[in-house]
Asks: 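Before I ask anything, let me first share the structure, which is written out below as structure tokens.
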Amino acid sequence: MRLKTSSFNKGIYFFNLKRFWLTAFSFAFLLTLNILNFLRYVSANTFGSYSVFEPGEVALEIFRYSDILVTFLFPFFSLISALAVFSHIHFQKNTAMIHALPIDRKGLFTTHYLSGLTLVLLPLAVSGAILIVGELLMGITHIAGSLLWMLVSAVILFLLYSFAVFVGMFTGHLAAHALFFFIFNFLAVFLKDVIRTVLMSLLYGYASSSYSLVDPFSPIVYLEEFFSGFSIGKGNYLVLVCYLAAGLAFVLGARAVYRKRHMETAGDVISLKVMKPVFKYSVAFCSSALLGSIIVSLMNFGRDFPVFLISYLIGGFIGYFAAEMLLKKTFGVFRHIKGFLIFALVIVFLLSSINFDFFGYETYVPDASDVEIMYVGNYPDEYAKIALDPDTYDPDRHRYLLWDSDYRDHPPARLDENMIRLLRQRRGVLENPETIERAVAFHRVIAANASSLSRPGFGSEPYYYESPVVRYFNLTFTYRLKNGRTVQRAYFLPYKVINGGELETAFHELLTSAEFMEKSSPLLTVKAEDLNIIQVLFHDENNTALNLAAPEEKAGFLEALRQDILNTDPFNLFINYKEGNTTSIEITFYFKADKALVFQDGGTLHISGRTLTIRLWSDYENTLLYLESQLDMDTELWQKIAVDW
Amino acid sequence: MIEVRGLRKSFDGFWALNGVDITVSRGSVYGLVGPNGAGKTTLIKHLAGVFIPDSGTIKIDGQPSFENIAVKARTAYIPDDIYFFPQANLLDMKKFYQSVYPVFDEERFNKLYEVFPFDPRKSLRRLSRGMKKQAAFWLGICLKPDLMLLDEPVDGLDPVMRRKVWSVLLQDVAERNMTVFVSSHNLRELEDVCDHVGIMHEGRIILERNLSEIQNNIMKLQVAFDGPLPEEMNELNILNRQSSGRVWVLIVRGDRDEILSHVSKLRPIIIDALPLSLEEIFIYELGGMNYAVKNIIL
């Protein structure tokens, strides 16, 4: 007897498309609206240059112009399609009818899966075709960018849809299916933030960076960054391939689960027996993390550990029994207290191990002899990280490293030796063993006094904060060890504590080290023989100018300037803060060759060339006295220029 | 046709099927009866290949039924709670079944217009429960299955329609040797159509036999003696006894001739043996399984 179906059934496939056409139509309609809007924007604004854009840049433009696509439409319609075509596994009536048909489960899964995939990819194909036709009609023949956008979108849709199907295999409930899909999409980022919050609250010195390898595991959150990667023709194809592979893994996983699925679980929150405890404890954990952190934050409990712990246990208690109620479909679940007690013990152990530093995180400071290079600064800095470990350089993310549009548009794939050298000239990067020793010594003093220095709520304060009572500042140590490891610690210290005792001494030792001072104030490294001339411009009525060309004049000026810089409070140099005002006196250094002094403005580096212009501070007394001695200027006028400015 | 051995299935620790054994021969009409929650629907869903058994075997025509496309292609399953695609009408569903089943008799479909008097273009969602049942039979019969699995099939059908449906089904049984496996609480109706009956209770088959054999093996005995009920009567397998004066009504299990001969020797004043209806058999059999009818005064 010829059977109409084995692994794929055309009848069910087309029937599904017919039944759920509205889903595909709505998706196609909204996508097409976005595409038409984008085409309108192209024709109105960038028609002339559009065709010369890099394909990745066009793809990013399409995405950026309608970023609602990925943040809302893609996941929403992926989920809706999965819910629609696999709705039969969530209802007893449907499941009995479908599974009594003469099609094996492999065939049923394949047929339903493909019909759902068509529902999400067909609208993309339609809107993509409209995009390309629109471009061609406008005379734009360079359609690689649009094809790239379609490819990236197709992979994302494939991933999201496959994931939605995969999630559905573990539940027998429509609402739970939708909820799990969204929860799992945000889970990685959520857990990262929650764990970071806990560690920052309990672990003195804990340092974290905003970028994380975890982010791609929450594709909806990561997508904007993901698309950005393609804008310079250097898209993150590895992530794209990983997403494709993950999508495939989800399909195969879903098919394997579907074949073994017990269809009587239709209507249950969890359809796989083995997943029930996983669900229960996962909900308890997430609830503990979420509700616990909310309670702590609302009540401002900070580092009050017992209350902190109780807050997390309350969160866990609510989550554990809510999950138990969903699984058992009854409110009478409170006699199953044993499972919660085990969970509570684990939470108590985990939080205690962090708070009481069972693993020695707070007290660990590397030996100076193990350190290859390090950074001491106000806050964890992405570019300091590259200076320490140039392998972490990513042209997509670090293209704003230099104040240079050429560099921004065409960042190199890898950093060359010269760039690494320049990066290591910036403030806070320490290479000299003697300076490293001073930094380590300072760090040891902090670690030894952790209990007295740590205060409730410090982790959540801004990086620089002035209060009438006490002055706080952020301090970060990043070590690149000789064995390739990186160790980072971040502190929030009250300046009052620093002001006195061994902490002050150790900190001062570090701040006054030659390397630290020279990198904080690169002018200290300028020598008279480096310069052709120093031009001093007084913005007075006569626009008086003074040229210092003789070696002794240049040396005299530089020495006076050096004295003034050294007289500055080193702490102000550390936080890149200078009290007082500048004068109207403008000083331009004309170098004999490119000096390449590195100045820092936020995260961006300025590299000086043959000339460098600065304004003189009004409290640079030695320099002002030197200039006064070189000029035959009326005292009243001098007072006006140098002091009353 | 159907052979089930040691079938067990639990739902969250509750054994819905606890070692079910049944044998159904080809061309028979097998009635499955049992109290609510006995496991009838669960058993039928296993036969239809919807549920995966925890243990035990299910064979249809010697082949396992689960994931067996060939077996399922020759089986029609009409559940109690029928599902049709939302928005679909009978013609849509016909098209769907035509695309899925290897056999769909179009000619039969057209002939059945005479049996089922409703507009096939009407959305099935809007039909009454009974009408939906009719639609399911309409489609099921056109599949010309070798095995028809029916779960509470006539529930919701009016008496005339019941007759019509059974008449079409029994015609198939007679002409094509189709097997019908039917679960129902309507014992009066089963009595008319079934040739075999299985009684199910707490996940097990407690009795499975040819209907006439069952009826011959249990009887209602009306007797009266000069004095009290003789002691020798207790040698019989009496399932239930009631008395009104000196007249005793006894439900006795055993061979009819042997029972009558045994009682006759005790010189009764009156002796009368009456056959039991299936409903009475059901009640008295389950009475011995802690499922007796009790007079409850509220």
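Only heavy atoms go into these numbers, but all of them, side chains included; no hydrogens, no water, no symmetry mates. Order of the sequence lines sets the chain letters (A, B, ...), proteins ahead of strands, with each chain counted from 1.
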Asks: What part of B/Asp80 gets within 4.5 angstrom of chain A, counting heavy atoms only: side chain, backbone, both, or neither?
Replies: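 Contact with chain A involves no heavy atom of B/Asp80 at all.
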
Asks: Would you please classify the geometry between the B/Phe118 ring and the B/Trp138 ring as parallel, tilted or perpendicular, with 30° and 60° separating the classes?
Replies: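 Judged by the thresholds at 30° and 60°, the geometry between B/Trp138 and B/Phe118 is perpendicular.
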
Asks: Between A/Thr118 and A/Leu17, is any pair of side-chain heavy atoms under 4.5 Å apart?
Replies: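 Yes; the side chains approach each other to less than 4.5 Å.
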
Asks: Give a yes or no on whether the ring-centroid distance for A/Phe317 and A/Phe321 is below 6.0 angstrom.
Replies: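 Judged by ring-centre distance (under 6.0 Å), A/Phe317 and A/Phe321 do meet the cut-off.
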
Asks: Heavy-atom pairs under 4.5 Å with chain A - which of B/Phe11, B/Phe96, B/Tyr77 has more of them than the others?
Replies: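 Greatest number of close heavy-atom pairs with chain A: B/Phe96.
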
Asks: Over 60° means perpendicular and under 30° means parallel, so tell me whether A/Phe25 and A/Phe29 are parallel, tilted or perpendicular.
Replies: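 A/Phe25 and A/Phe29: parallel rings.
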
Asks: Please classify the contact between B/Asp151 and chain A as side chain, backbone, both or neither, with a heavy-atom cut-off of under 4.5 Å.
Replies: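 It is neither, since no heavy atom gets under 4.5 Å.
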
Asks: Of all of B/Phe84, B/Phe66, B/Tyr83, B/Phe51, which one pairs up most often with chain A through heavy atoms under 4.5 Å apart?
Replies: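 Most heavy-atom pairs under 4.5 Å with chain A: B/Tyr83.
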
Asks: Looking at chain A, which one of B/Val71, B/Asn68, B/Asp92 has the largest number of heavy-atom pairs inside 4.5 Å, strictly under?
Replies: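 Between B/Val71, B/Asn68, B/Asp92, the count favours B/Asp92.
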
Asks: Over 60° means perpendicular and under 30° means parallel, so classify the ring planes of A/His112 and A/Phe86, tilted if in between.
Replies: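 Rings of A/Phe86 and A/His112: tilted, as their planes differ by 30° to 60°.
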
Asks: Non-hydrogen atoms of chain A under 4.5 Å away: do they reach the side chain of B/Ile78, the backbone, both or neither?
Replies: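 No part of B/Ile78 comes within 4.5 Å of chain A.
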
Asks: Measuring heavy-atom distances to chain B, does A/Lys273 have an atom under 4.5 Å in its side chain, in its backbone, in both, or in neither?
Replies: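 Contact with chain B: none, neither part.
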
Asks: Heavy atoms only, distances under 4.5 angstrom: which of A/His99, A/Arg105, A/Met97 has the most pairs with chain B? Name it, please.
Replies: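 Greatest number of close heavy-atom pairs with chain B: A/Arg105.
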
Asks: What I want to find out is whether B/Asp61 reaches B/Arg26 closely enough, with some N-O distance under 4.0 Å, to be called a salt bridge.
Replies: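 Yes, B/Asp61 and B/Arg26 are salt-bridged.
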
Asks: Within 45° of the axis and under 6.0 Å from the centre of the six-membered ring of B/Phe109, does NZ or CZ of B/Lys94 qualify?
Replies: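 Because its charged atom sits under 6.0 Å from the ring centre and within 45° of the axis, B/Lys94 does stack over B/Phe109.
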
Asks: Pick one of side chain, backbone, both or neither for A/Met263, based on which atoms fall under 4.5 Å of a heavy atom in chain B.
Replies: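 It is both, since atoms from each part get that close.
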
